[in-house]
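Take a look at the structure set out below.
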Amino acid sequence: MDLGAGGFSEEQFREAFAELQQPALSGADWELLVETFGISIYRLLDQQTGLYEYKVFGFLEDCSPDLLADVFMDLDYRKQWDQYVKELYEKECNGEAVVYWEVKYPFPMSNRDYVYVRQRRELDHEGQKIHVILAQSTSMPQFPEKSGVIRVKQYKQSLAIQSDGKRGSKVFMYYFDNPGGQIPSWLINWAAKKGVPNFLKDMTKACQNYHKKT
């Protein structure tokens, strides 16, 4: 397998793009969790961890693909609109851009943090531009674990975006992480059913207020 920058293969980018065109939900026990605000969220039980993988399909109105991808990649801006960010920045390690992200969790649970690499690519499909962003956890000695914060060591996300033919975007997102510790099932269900749609709504609002750096 040919791995490019960030350790991502051409095949991984193509897989995310393919899901945008034709959702891959057959052949596995994917179940529809919720449909809301034009977004459908499916989940699949991961037998090894007992946790769920998620796939999200839907449309975001009044947020173009270029703008949505820019907002998603802009870490400084995310600190302004994402209320759950405690700390978020990118640092170059061994010639590679690595992201550190600490997420606020409700009391009395410990915050979680992530160390991951990401890459953005633009693919062409029949003359239409498709944005694909991949992210996955990594381990770097430059980011030692903090006392009182639980390090998420299994994290994987992919996002594919194309025009909806109007002013908005058609979106596919895959997400899995293992938050560790003892998290109540109600919180995990809330995060999937409410947190993901709320995040996408917040991101749409952030698109409308975004001024890209020049």
Side-chain angles (χ1 to χ4, degrees), residues 1 3-60 63 65 68-73 75 78 82 84 99 101 103 112 114-123 125 129-138 152-164 168-180 183 188-204:
M1 187 179 287
L3 296 180
F8 300 108
S9 68
E10 182 71 24
E11 183 183 350
Q12 286 173 294
F13 283 98
R14 291 287 167 188
E15 281 176 359
F17 157 71
E19 289 255 24
L20 190 62
Q21 309 305 311
Q22 182 63 50
L25 297 167
S26 59
D29 295 323
W30 287 97
E31 60 173 315
L32 179 62
L33 182 64
V34 66
E35 283 184 310
T36 181
F37 304 118
I39 301 292
S40 300
I41 303 173
Y42 294 81
R43 69 179 183 180
L44 176 67
L45 184 65
D46 180 75
Q47 299 294 342
Q48 285 186 315
T49 61
L51 298 167
Y52 286 98
E53 303 171 66
Y54 295 94
K55 288 183 177 180
V56 181
F57 303 92
F59 295 88
L60 299 181
C63 191
L68 188 58
D70 285 344
V71 167
F72 191 83
M73 291 294 288
L75 300 182
R78 182 162 179 175
D82 186 346
Y84 296 104
V99 177
W101 176 33
V103 181
R112 265 58 177 179
Y114 299 71
V115 176
Y116 65 93
V117 291
R118 62 178 184 163
Q119 189 181 357
R120 173 181 177 177
R121 289 270 300 276
E122 292 180 4
L123 307 180
H125 175 65
K129 185 163 61 175
I130 314 291
H131 295 275
V132 179
I133 301 168
L134 303 180
Q136 64 184 13
S137 51
T138 188
V152 176
K153 296 176 180 174
Q154 291 177 277
Y155 162 66
K156 187 178 178 184
Q157 184 173 21
S158 56
L159 179 69
I161 312 164
Q162 73 176 90
S163 171
D164 66 355
S169 297
K170 180 182 177 184
V171 176
F172 160 71
M173 184 171 71
Y174 167 88
Y175 188 90
F176 174 79
D177 76 12
N178 184 349
I183 298 184
I188 293 174
N189 286 333
W190 176 88
K193 281 189 173 181
K194 301 291 187 186
V196 172
N198 287 345
F199 171 78
L200 293 171
K201 278 203 303 180
D202 288 347
M203 192 158 67
T204 301

Grab the two heavy atoms, one from F13 and one from L123, that are nearest each other, plus how far apart they are.
O-CD1, 4.0 Å
Return the CD to CZ distance between Q12 and R121, rounded to the nearest 0.5 Å.
11.0 Å
Minimal non-hydrogen separation, S169 against C63, with atom names
OG-O, 2.5 Å
Spacing of E15 atom CD and F172 atom CZ [to the nearest 0.5 Å]:
9.5 Å
Tell me every residue that passes ring-ring contact (aromatic ring centres under 6.0 Å, His included) with Y114, counting only those two or more places apart in sequence or in another chain.
W101, Y155
Residues forming a salt bridge (charged side-chain N to carboxylate O under 4.0 Å, His left out) with K153, sequence neighbours excluded:
E145
Among all residues two or more places apart in sequence or in another chain, which pass the salt bridge (charged side-chain N to carboxylate O under 4.0 Å, His left out) test with E31?
R43
Only counting residues at least two apart or in another chain, list the ones meeting ring-ring contact (aromatic ring centres under 6.0 Å, His included) with Y54.
none
For Y174, the side chain to side chain donor-acceptor pair (under 3.5 Å) test, sequence neighbours excluded, returns E53
Begin with the C-alpha distance, continue with both residues' side-chain angles, and end with the deciding distance and a verdict on salt bridge (charged side-chain N to carboxylate O under 4.0 Å, His left out) for R120 and D70.
CA-CA 10 Å; R120 173 181 177 177; D70 285 344; 2.9 Å; yes
Could you tell me the separation between the OG atom of S158 and the CG atom of L20, rounded to the nearest 0.5 Å?
10.5 Å
If you round to the nearest 0.5 Å, how far is CD of Q154 from CG of D46?
8.0 Å
At what distance, to the nearest 0.5 angstrom, does CD1 of I161 lie from CZ of F17?
13.5 Å
Test salt bridge (charged side-chain N to carboxylate O under 4.0 Å, His left out) applied to D177 - qualifying residues, sequence neighbours left out:
none
For the atom pair CZ (F8) and CD1 (I133), what is the distance rounded to the nearest 0.5 Å?
11.0 Å
Return the set of residues passing side chain to side chain donor-acceptor pair (under 3.5 Å) with N198 (not counting sequence neighbours), or none when no residue passes.
none
Please list, chain by chain and in numerical order, all residues satisfying side chain to side chain donor-acceptor pair (under 3.5 Å) with S40, sequence neighbours excluded.
E35
Compare every heavy atom of G168 with every heavy atom of P65, then report the nearest pair and how far apart it is.
CD-O, 3.8 Å
With P197, which residues qualify under side-chain contact (heavy atoms from CB on, under 4.5 Å), at least two apart?
T36, F37, I41
Grab the two heavy atoms, one from F72 and one from M203, that are nearest each other, plus how far apart they are.
CD1-SD, 3.7 Å
Taking all non-hydrogen atoms of both residues, which atom of G50 and which atom of L45 are closest, and how far apart?
O-CD1, 3.6 Å
Close side-chain approach of M73 and R118, heavy atoms under 4.5 Å:
yes
Excluding sequence neighbours, so at least two apart, what forms salt bridge (charged side-chain N to carboxylate O under 4.0 Å, His left out) with K170?
none
Heavy-atom distance under 4.5 Å between the side chains of L159 and V171, does that happen here?
yes
ring-ring contact (aromatic ring centres under 6.0 Å, His included) partners of Y84, counting only residues at least two apart:
none
From CA spacing to verdict: side-chain contact (heavy atoms from CB on, under 4.5 Å), H131, L68
CA-CA 9 Å; H131 295 275; L68 188 58; over 6 Å; no
Quick check: do L60 and I39 have side-chain heavy atoms less than 4.5 Å from each other?
yes
Got V56 and L200 here, is their nearest side-chain heavy-atom distance under 4.5 Å?
yes
Which residues pass the side-chain contact (heavy atoms from CB on, under 4.5 Å) test with A24, sequence neighbours left out?
E19, K55
